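Working notes for the structure below.
These numbers come from a predicted model, not from an experiment. Proteins come first, then strands; the chains are lettered A, B, ... in the order of their sequence lines, and each starts at number 1.
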Amino acid sequence: MMRTVVPVVERVLETPSTVTLRFPFAPAARPGQFVMLWVPGDDEIPMSLSYVEGSKGVTVKVMGSTSRTVQSIAVGDRIGIRGPYGNAFDLSPGRILLVGGGSGSAVLAPAAEAAARRGARLTVALGATTASELLFAERFRRMGARVEIATDDGTAGRRGYVTRVSDALLASERFDALWTCGPEVMMGKVLASAEAAHVPAIGSVERVMKCALGMCDACSLGPYHVCTDGPVFSGEALRGLPEFGHLKRESSGRLVPA
Amino acid sequence: MMRTVVPVVERVLETPSTVTLRFPFAPAARPGQFVMLWVPGDDEIPMSLSYVEGSKGVTVKVMGSTSRTVQSIAVGDRIGIRGPYGNAFDLSPGRILLVGGGSGSAVLAPAAEAAARRGARLTVALGATTASELLFAERFRRMGARVEIATDDGTAGRRGYVTRVSDALLASERFDALWTCGPEVMMGKVLASAEAAHVPAIGSVERVMKCALGMCDACSLGPYHVCTDGPVFSGEALRGLPEFGHLKRESSGRLVPA
Amino acid sequence: MADLRVSWAGLSLRNPLILASGIWGESGASLAGAYEAGAGAVITKSIGAAPRPGYPNPTVEALDQWGFLNAMGLPNPGIEEYPKEIAVARARGAAVIGSVFGGSAEEFAELAGRMADTGVLAVELNLSCPHAEGLGADIGEVPEEVEAVTRAVRARVKVPVIVKLTPNTSDPVALARAAERGGASAVSAINTLKAIAIDIRLRRPVLSHGIGGLSGPAIKPIGLACVWQIARAVTIPVIGVGGIRSAEDVIEYLMAGASAVEIGTAVAFDGIGLFGRIASDLDRLLGELGLPSAASAIGLAQRAAAPAMPAAPSVRGNR
Amino acid sequence: MADLRVSWAGLSLRNPLILASGIWGESGASLAGAYEAGAGAVITKSIGAAPRPGYPNPTVEALDQWGFLNAMGLPNPGIEEYPKEIAVARARGAAVIGSVFGGSAEEFAELAGRMADTGVLAVELNLSCPHAEGLGADIGEVPEEVEAVTRAVRARVKVPVIVKLTPNTSDPVALARAAERGGASAVSAINTLKAIAIDIRLRRPVLSHGIGGLSGPAIKPIGLACVWQIARAVTIPVIGVGGIRSAEDVIEYLMAGASAVEIGTAVAFDGIGLFGRIASDLDRLLGELGLPSAASAIGLAQRAAAPAMPAAPSVRGNR
Ligand SMILES: Cc1cc2nc3c(=O)[nH]c(=O)nc-3n(C[C@H](O)[C@H](O)[C@H](O)COP(=O)(O)OP(=O)(O)OC[C@H]3O[C@@H](n4cnc5c(N)ncnc54)[C@H](O)[C@@H]3O)c2cc1C
Ligand SMILES: Cc1cc2nc3c(=O)[nH]c(=O)nc-3n(C[C@H](O)[C@H](O)[C@H](O)COP(=O)(O)OP(=O)(O)OC[C@H]3O[C@@H](n4cnc5c(N)ncnc54)[C@H](O)[C@@H]3O)c2cc1C
Ligand SMILES: Cc1cc2nc3c(=O)[nH]c(=O)nc-3n(C[C@H](O)[C@H](O)[C@H](O)COP(=O)(O)O)c2cc1C
Ligand SMILES: Cc1cc2nc3c(=O)[nH]c(=O)nc-3n(C[C@H](O)[C@H](O)[C@H](O)COP(=O)(O)O)c2cc1C
Ligand code: FES
Ligand code: FES
């Protein structure tokens, strides 16, 4: 829960728009949890831990001004970290289908690694706008996962949204669980398909974070605070929320289209 | 170190001017240590613990306004206690001569009890203005001590100051240690005699106490703070202090005749 | 079973524990959730005329378990949007008090009026946010301005008006008296104290705004002193705020003269469940102290001590 | 080895750690002891015209490890007696600063003059004791009075004049500016904050005086904010006080703009040995932070942030 200032010890450009920063950070963390990443002189933004063991890590995709600044952070630069916050993935083994879009692999990858170590059999449906933006495909393969790919422009795998891949998998195979993280519209579709296929699903959700302590209400989503009740929710919980996939709160707290 | 409010569970009128109050107080304490006794609506004053086991206790002699109020505290009344503070008697066994005057027995008695349990052989030179004011004579006898008495008016034991008794004992017997508590002039004489007889001596000293935390400087005595460095000092330390037996600080911090 | 109900300024609350403004107060669902968790009433985030994003992060800094710094910058969806949230909370039965902030007496009156129109039980005027220049505290530090704002609001709304005071002053009593003169139904004290945290490794303040407000246990003795001083100087009820985390703390405030209390930072340390826990602890503790009700604790310490501490011993009185 | 020496207002101290007024300050032997324990200088108890016993006990209340309440009531032996104590401390080589309090500009000037005559390095004016009516804070809350007192003292003494400011104000900067206008060589901030503790079982305030002053870690963020604000508003040095217990705390104050610091309450928690410990920790920590000296830390966080927080990223600057 305490803030610390740490040096970046490793920097990996994962895709043209996505960088991983590794740093020493002692507190124990579980896959699914996030930290508040302070870019000194700039904003502090929530980031899932993409590495929870050894040097911890975050994997940051450019979304706006601060995430763009993050791309220019070099080894030796110092960043502020507080956390870890939030809940974690339930890692019970079995056949798990992971559906990731955009930066969603950042949080799915460490969860998948942990599950693989417990004997889970992993299938990953991985989506991106284009081939070079596919995040952690190799990392998933290294842990023994089968990786099925979709790109919007067809430069790798199937052309189109990742839901085409995941829907096909759900239709043809049996899974014990489905995990998803990505754009909310995508997650909404994935969760609906999972429900139809009677596969218990969970998804990691994003909302504006300020305190990360369940206090300021910035991250409120229906009856939940994403920072303390989430970010991982069951598909059931999410499907029950009229806001999910439709509305989010901007920094002022005003509800705007998601 | 924390303050608590406790009920008085037992009250014993020890002498016409001295009352013992017993009360539940959990923190461990050693003989020699003191507490700050808060008489609600009145002052808070330092008091040695006269009982350090089971229900703790203080034994309060009327010296001024607050100690007078204490006499009227009844069983069930509530008092504030913080502490225990200060250092303790060194309880190594052997032949110990205890020299107490006035309320001095209040702190000597629990120390003697603890020493007796460790096999010390105790001789007590006990002084008071008059027979009825002798404090804890029976308590000392119950622990197996030899008790030699002096009263100013001769109503019990030898007539005159207790130093007459203690000087005689030091002249005729061998002791491994001498402990004293009482008026400073008396203690000064006792410590001088002990030095002459080559008996290592310690004395418990009083100064005005406010914080009892070694902070406010109210209890300063030469290089020491009685609240944290004392109240128990070696005869050597005390003899080295020009103030001892001569000067004390009043509440303002001004040095006045002791 | 002690009676936890308190009544003041025409309000009747099921217990004296009020959710402080700025905590769980942006969404109607959160307000309702806090009420359902056991609060006696809930206060909204302070609402202004237009949507405000607040300051960039970092906006908070937790100081161990005893203090908390924030400079949120009064983020709020604005008075146009916010009535929807209140409707959600009221539909679930929550007892809601609406907080507003503004830059002038007119703006306060306008906002309070629109807030009152939503059906809140009372309005609280945030005259005390320490880190939003020109809004709240700058006005709230000057008795004449406090009086003028209160009077303007009083003229505009029918519901009770609570004026929330700043501790960043040499004279909280003068501010409370000004609110009373202006027609306040009650005052609440305190908001946060101006404070800062420096990161020595980064050689800069932690909060993006630099100066923030200190809350949490660290400020309890300060809040108590404000309530203590104000309660003996005004006849309107005083609501105690600052550093409350336990039933003991609540009773300290009540005995100092508060008619109810607001709780904020403790939610970050203990979760929203603390309202229910404190309510049941309060019930038990009042019993232990021989007090039949929360109301019977109000001002007890004032009586023991007023006007000066007594010279005469009063040991017996404490049995 | 970092250089711990600091120089300000014409004084040169072997390190920036000063014993705060009111702690170990009644006797010359204690002052000397604190200096020998490692303080860079020691400040006397605040001395008035006549001996004052102070308030009856209870005069202190420790709040866990984060806060401390006191209402000593300015006990002091009076300016007639006190020079003897200073002589004892000076004979042992201590760097002594003399603190005085009074009820008027004339009284302050007279006392400061007599204090200066004892050979102290500087005088500190206690314009900020929160619990002694009519003495110090009542004057210290009004900029014009602060200026008048400072000017009167300035005219009377040749040694540096440090004006100790109260945090019980809406505008510490105005007070600091007033001191500067009056000719102060430096200001120190902060004294304690008005606070109270209530015993719920006895139903009364704990301190005999009721209201006391809050000190200790709880007030560090408040003291830092005062120093931060003052340091950017005046050109004279600022001495930071409030809640310092570690070398980290010291560096926070230095970076906020303080030229030295005073340490009080931590002595009750950690003993007088903390001066030596903090001095050696400071040496090590400055090294870790890549700073050659204590002096080089002064105002660093001001520079990072001034005048407003930068919009541009400055990650690289922190390497
Ligand atoms: C729990 C959680 C985990 C996340 N994990 C990752 C991750 O692993 N990798 C990754 O690339 N991104 C992650 N994000 C998203 C990331 O926080 C945003 O992309 C980032 O905050 C954008 O900041 P910006 O300044 O670049 O964007 P801005 O220019 O400020 O705004 C762009 C958009 O980013 C979002 N955003 C801005 N500020 C915040 C904030 N304080 N909190 C939440 N969202 C904000 C808003 O939707 C905004 O519209 C996560 C978000 C959350 C809530
Ligand atoms: C460490 C220590 C242990 C003590 N143990 C005992 C004990 O076991 N039994 C016992 O009867 N007495 C004991 N005393 C003495 C006792 O504290 C005083 O008798 C008591 O404070 C007098 O208070 P009063 O209000 O009745 O007297 P007052 O009318 O206030 O003054 C009478 C004298 O009492 C002394 N005194 C007053 N206030 C204080 C104070 N705050 N601190 C110290 N001395 C004070 C002064 O010498 C004063 O001149 C002890 C004192 C100390 C320092
Ligand atoms: C994160 C945060 C946001 C706050 N926002 C507001 C606000 O919008 N309006 C207001 O009047 N007070 C606000 N406050 C002040 C609290 O309502 C309360 O007065 C203060 O925090 C002291 O109480 P506490 O110690 O219980 O937190 C806020 C406090 C915090 C910590
Ligand atoms: C017991 C006590 C006595 C004090 N007496 C004085 C005093 O006589 N004069 C003064 O200027 N400040 C006095 N102070 C205030 C301190 O010097 C200091 O400003 C304050 O305690 C904040 O610093 P700290 O948190 O390090 O204690 C006193 C503080 C305490 C705790
Ligand atoms: S980020 Fe503040 S409540 Fe979740
Ligand atoms: S009583 Fe305060 S220093 Fe000893």
**Request:** Using a strict cut-off of less than 4.0 Å between a Lys/Arg side-chain nitrogen and an Asp/Glu carboxylate oxygen, indicate whether B/R249 and D/E85 qualify as a salt bridge.
**Result:** yes
**Message:** Does the Lys NZ or Arg CZ of B/R207 fall within the cation-pi geometry relative to B/Y224 - under 6.0 Å from the ring centre and within 45° of the axis?
**Reply:** no
**Fill in**
Among D/D64, D/N76, D/V88, the residue with the most heavy-atom pairs under 4.5 Å to chain B is D/N76
**Prompt:** Could D/D249 and D/K220 be called an ion pair, given the rule that one side-chain N must be under 4.0 Å from one carboxylate O?
**Reply:** yes
**Fill in**
Ranked by heavy-atom pairs below 4.5 Å to chain B, first place among D/A29, D/P75, D/P53 goes to D/P53
**Message:** Heavy-atom pairs under 4.5 Å with chain D - which of B/G80, B/G222, B/C216, B/A218 has more of them than the others?
**Reply:** B/C216
**Message:** Less than 3.5 Å apart, any donor N or O on the side chain of B/H225 or D/S30 sitting next to an acceptor on the other?
**Reply:** yes
**Message:** Less than 4.5 Å to any heavy atom of chain B: does that hold for the side chain of D/V206, its backbone, both, or neither?
**Reply:** both
**Prompt:** For the side chain of D/D281 and the backbone of D/A247, is there at least one donor-acceptor N/O pair under 3.5 Å apart?
**Reply:** no
**Asked** Between D/T265, D/I272, D/L63, D/V267, which shows the greatest number of heavy-atom pairs under 4.5 Å with chain B?
**Response** D/T265
**Item:** Proximal component of B/M209, with respect to chain D [non-hydrogen, under 4.5 Å]
**Value:** backbone
